[in-house]
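In each ligand, atom 1 is the first atom listed, and ligand 1 is the first ligand listed.
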Amino acid sequence: MTAERHEFQAETRSLLRLMIHSMYSNKEIFLRELVSNASDACDKLRFTATQNPEAVGDVELAVELIPDKFAGTLTVRDNGIGMTREDVVDNLGTIARSGTKKFMESLSGDQSKDAQLIGQFGVGFYSAFIVADRVTVKTRRFDSTESVVWESTGEGEYTIEAGDKAERGTEVILHLRDDEKEFLEDERLSEIVRKYSDHIGLPIKLVKSEGEPETINQARALWTRPKSEISEDDYKSFYEHLSHDYEPPLAWTHQKVEGNLEYTSLLYIPRRAPFDLWDREQQRGVKLYVKRVFIMDRAAELLPPYLRFVRGLVDTSDLPLNVSREILQGNRTVDKIRAALVKRVLDLLDDLAANKPDDFKTFWTQFGKVLKEGIVEDNANRERIAKLLRFASTTTPDAQSVSLDEYVARMPQGQEKILYLTGESPSALRNSPHLEGFRKAGYEVLLLSDRIDEWVVGHLTEYQGKKLESAARGDAEAAGKIETADKARHETEFKQVLELLPKALNSRIASARVSARLTESPSCLVAPEHGLSRQLLEILKQSGESAPDIKPILELNAEHPLVERLKETSGDETAFADLAEILYGQAVLAEGGQLEDPAGFVKRLNKLILGQGGSKILLG
Ligand code: ADP
Ligand code: MG
């Protein structure tokens, strides 16, 4: 039978071009990728063997590296699961993952960084073309009688034909480029394997031209070894193998649990968020092993979504080997393990916060928003998660660095509630009129501008017995605390103005009143005591969801000249309405909102500046 020619997908082609032409500074990772694939293939076979022992036999699973100086080839051979012809086309001819495109987009131009990204994006096999100008794959699936040969020079096409491979498994033969012959040297190969693949749970053997094949890695799954024997570097290199992340992890926790529940967990906190942290389609989770047998990648059931940044694995003897994703859902053992893992991760984060503030800061910058989801999702651990939150505040407006504990500790006497303000952006918050009175009274206000913050404060209503209160809400007790002595007098003076305002503003406000919280700005809008906050209404509107029509309260600063003028124009209906519009519009703009009629607003403002219309009164 002659070889069939196939074209690569367009995306695969551009990826290949990139590999071949630009990734020279970190070539050795091709071996990590191929060994990782070979090891995955053996894991899959081991798993199959639990259900179908006869089909698999009892040959020792291993990966072999076979350098051939004479032919100029390096072969990576495994006796794992192997591939059918269909598998080969699907896995080596196309890149099904949506990740490829994102990968191409996220390249930085820095060659060493870009090369490191390859593995993370799950396009590892193609890294073979960094060092080879031709790659041949001979493979045979364990339960098939036919073998397949795939070959490509990495230039747009590949061929497939029937082969004569007798044993199951896969051989990847790299025809090394002339200047890549270092990868035929025993020493070099051993060095790379020790660096990246020392702790995978199967032997990697170097097949030398003379003598017996030599195992060049530890060949013992790292997590099964006693903690005392494992060095920091061991943990780090295992993380690299596990995650394909080139940056060392921020922290990890390794636990062997015996008793009612038996499992070993090894969990890492990465230093950097993956490119698809916010991709909802993306499956998350840690690897699951049952009695050392690899069962599945990304077992989402083992950790809640708000800890989806955690990498690592769980190995348990309390689940059956034939466990499926369906069985994992709602399984009591899994629930117990998950609850324990959540505690471990929170302990680890507590420890980081207490003992490595810089690392915790990195963590917060990368994953803080994800952790916040836990406030909404995890009732049981809400207080613990709240302890880990960090906020910007009127004291430190530029960084999310204030913890609730710190905030509470420096609350001045007389302040009973934890004050916060939510808004679109840090800068809009910093200058918000709502803060003026609190600032003057010496109260710190937390500034929340992440989208999820509305939900966070919706669920976190209390911390250490202190209620959380929005600085932009009605006649909150908090605002009452900064009441001015003149308020009662102002209320009488402005009684008529306050009554006229709702009608003058066409009922866009529920009511108007004299404010205690403004010291500089003339006006602001606040949400009524109960019901949704203004920021949440805005988010709902923006995302096209139906939002209840809750009207705000317009608050006026009785000491502001513009408000004084408003009082003086109350006899002139048009002038009063114009000025009312300006005060209302300013309040909307100040909280980062949008005007319904911006052009009308500008016209009125210009009229005011130029002293037209009610000029006599406006110019004073
Ligand atoms: P990933 O390993 O992240 O899935 P790769 O590009 O490294 O991405 O590999 C693509 C796919 O090719 C693998 O998922 C696997 O299905 C298949 N594959 C690669 N190498 C082997 C191998 N040695 N044995 C069996 N299948 C393999
Ligand atoms: Mg791979």
Problem - Non-hydrogen atom of E33 closer than 4.0 Å to ligand 1 - result: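 Outside the 4.0 Å threshold, so no.
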Practice task
Output yes when a side-chain donor or acceptor of S147 lies under 3.5 Å from a complementary backbone atom of K165, and no otherwise.
Solution key: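 Yes, because the side chain of S147 sits within donor-acceptor range (under 3.5 Å) of the backbone of K165.
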Handout entry: D78 contact mode with ligand 1 (heavy-atom cut-off under 4.0 Å)
Key =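 D78 to ligand 1: side-chain contact only, backbone stays beyond 4.0 Å.
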Exercise for the section: State whether the shortest distance between N or O atoms of D40 and N or O atoms of ligand 1 falls below 3.5 angstrom. Expected result: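 No, since none of the N or O atoms of D40 sits under 3.5 Å from an N or O of ligand 1.
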Practice task
Say whether I81, considering both its backbone and side-chain N or O atoms, lies within less than 3.5 Å of an N or O atom on ligand 1.
Solution key: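 Between I81 and ligand 1 (N or O atoms, distance only) the closest approach is not under 3.5 Å.
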Handout entry: Contact check: N37 to the Mg ion (ligand 2), N/O/S below 2.8 Å
Key =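 Yes - counting backbone and side chain alike, N37 has an N, O or S atom under 2.8 Å.
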Problem - ring pair (Phe, Tyr, Trp, His ring centres under 6.0 Å) contacts touching residues 36-64 (sequence neighbours left out) - result: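 Those involving residues 36-64 do not exist here.
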Handout entry: Where at least one partner belongs to residues 301-338, residue pairs that pass ring pair (Phe, Tyr, Trp, His ring centres under 6.0 Å), sequence neighbours excluded
Key = F309-F363, F309-F367
Completion exercise
Only one of E28, E33, R32 passes side chain to side chain donor-acceptor pair (under 3.5 Å) with Y196, and that residue is E28
Practice task
Scan side-chain atoms only and decide if D87 and N91 contain a donor-acceptor pair under the 3.5 Å cut-off.
Solution key: no
